[in-house]
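Chain letters run A, B, ... following the sequence lines, proteins first, then strands; residues in each count from 1.
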Number of protein chains: 2
Amino acid sequence: MKVKLHSALRTLATVTSQPNRQPKPPAAPRAPRRDALRNDAIVIDAARAVFAELGPQASMESIATRAGLGVGTIYRRFPGKDALLDAVARLLTEEIDQAAAAALEDPDPGAGLERFLEFVGAFNAEKRRYASALAARLADDDTVSTRTADRVLRLTRKAVDAGYLARDVTAEDIKALIVAMRGLVAAAPDGEDAPWRRFLRIHLAGLRAD
Amino acid sequence: MKVKLHSALRTLATVTSQPNRQPKPPAAPRAPRRDALRNDAIVIDAARAVFAELGPQASMESIATRAGLGVGTIYRRFPGKDALLDAVARLLTEEIDQAAAAALEDPDPGAGLERFLEFVGAFNAEKRRYASALAARLADDDTVSTRTADRVLRLTRKAVDAGYLARDVTAEDIKALIVAMRGLVAAAPDGEDAPWRRFLRIHLAGLRAD
DNA sequence: TCCAAATCGGAATCTGCATTCACTTTAACA
DNA sequence: TGTTAAAGTGAATGCAGATTCCGATTTGGA
């Protein structure tokens, strides 16, 4: 809605200004600067690193420093911290989605599901400081997460059909397992890592035996 | 260490001041005021309520308002927000400890364990907004949590001995389950409640079959 | 009922960010 | 190489919430 209104106005403006075009040559959209393009990636990388270290409440200042840039530069393209967090979230979701896609390829549904869950566990363990925060801001209507949810659904069905999981197990059960593992990992004290592998094995046994 | 030094100084001061006691009648420790005593409880109650509603980042202002008191009053006996959170944490831990004690009484170890876990699940679901924050600040050397940890250990052993749980299941596994359930419940969107009962049932199946 | 210590209240102060802005630097294009 | 729009900077600003302070109230005790 907002976007449409926006472009409508722009069009209108163009048309309106047509009569008196004098002060400046129409428009020579200059090519985007190299450093600008480069910094875009640098900022997201820095954000990932800093969030992983300090959690989602890390200051914009710290991210800017890590990126070797001024805070203002970050604000030039990300409206605010939320946008930055969203960008990182989308990026990481993509990684998980690919893991799900790969798991679906596995000829053995059970092995595929296990592999996927191991990946998610390790992934969250690595990003335990802010994984929950990111997951929380992923809207259900987000393109990537919808796609991933669909993959998990198919993965689950295949595993059930293959007899790897009990009949009444649904994708919701798998999602709950993922969320719970994330919680387990996030609660681990700084030094040691949570026993999420064992936890996963045990829960899978429950899902098989149900 | 700090405490010891403190009391040592106090003792020293007392002794030192003994020689010249003149300006004021020794000491007439007045009885604590009624309102002060009453407010102590009022503050903690308000804190519980507000934290449950807004999470641990609720402002001191909001807690004071809810208690019908000024912020200053809260600071009179709680050094700061942390102390308030600690106080609430200790209070709630007590409740869980009692549930653990009750579960140990159950003649059927398996039923006792199940009952305890159901209690913990419901308990965390009710306090999902701040349960994690509280758990995180419970020091391992805390008296209550040590006691509870011990109860969980015994509860687990009894269940294993009774054949309800697989041989290799340890108290660590039960603790992990509790933490994971908390994570599951905490992640649930505002309206609906997480399917922690089903999750618990499935995991228990895994712990039995292992 | 009166006095003074113990409390209360809540405005004022202090802090730690997020976000903005006026100014400087850089790179694209002629 | 000169011109200029696009980018970059980081100090200044705004704000929200924790903590402090001190005059106004209460309550225990004589």
Please report the distance, rounded to the nearest Å, between [atom1] in [X] and [atom2] in [N].
| X | N | atom1 | atom2 | result |
| --- | --- | --- | --- | --- |
| Leu54(B) | dG17(D) | CG | C1' | 13 Å |
| Arg34(A) | dG8(D) | CZ | C1' | 17 Å |
| Leu69(B) | dA6(C) | CG | P | 20 Å |
| Ile63(B) | dG17(D) | CD1 | P | 12 Å |
| Leu37(B) | dT7(C) | CG | C1' | 12 Å |
| Met60(B) | dA16(D) | CE | P | 19 Å |
| Arg38(A) | dG8(D) | CZ | P | 9 Å |
| Leu85(B) | dA18(D) | CG | P | 11 Å |

For this session: Kindly confirm or rule out a cation-pi arrangement of Lys127(A) over Phe123(A), judged by NZ or CZ under 6.0 Å from the six-membered ring centre and within 45° of its axis?
Result: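 That pair qualifies as a cation-pi contact.
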Exercise. Hey, does Ala58(B) reach any base, or is it just sugar-phosphate, or nothing, if we go heavy atoms under 4.0 Å?
Worked result: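 Sugar-phosphate only.
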Just compare [options] and give me whichever is closest to any side-chain atom of [X].
| X | options | result |
| --- | --- | --- |
| Arg30(B) | dT19(D), dT27(D), dG10(D) | dT27(D) |
| Asp35(B) | dA27(C), dT7(C), dC17(C) | dT7(C) |
| Arg33(B) | dA6(C), dG28(D), dT19(C) | dA6(C) |

Any donor-acceptor pair under 3.5 Å linking the side chain of [X] with the backbone of [Y]?
| X | Y | answer |
| --- | --- | --- |
| Thr65(B) | Glu61(B) | yes |
| Glu192(A) | Pro189(A) | no |
| Thr73(B) | Leu69(B) | no |

Exercise. Of all heavy-atom pairs between Arg129(B) and Phe51(B), which one has the smallest distance, and what is that distance?
Worked result: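 Reported closest heavy-atom pair: CB-O, 3.9 Å.
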Exercise. Which of residues 72-83 of chain B have a heavy atom under 4.0 Å from DNA chain D?
Worked result: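 The stretch gives Tyr75(B), Gly80(B), Lys81(B) as the residues lying under 4.0 Å from the strand, ordered by number.
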For this session: Report yes if some heavy atom in the side chain of Ile174(B) is under 4.5 Å from a heavy atom in the side chain of Leu207(B); otherwise report no.
Result: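 Ile174(B) reaches Leu207(B) side chain to side chain.
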Exercise. Any side-chain heavy-atom pair from Arg66(A) and Glu53(A) closer than 4.5 angstrom?
Worked result: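 Yes; the side chains approach each other to less than 4.5 Å.
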Exercise. Does Asn39(B) place a side-chain N or O at less than 4.0 Å from the phosphate oxygens OP1/OP2 of dT7(C)?
Worked result: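 It does not, given that no N or O in the side chain of Asn39(B) lies less than 4.0 Å from OP1 or OP2 of dT7(C).
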Problem set entry | Nearest-nucleotide comparison on DNA chain D, the residue closer to the 5′ end among Glu61(B) and Pro32(B) |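 Result: Glu61(B).
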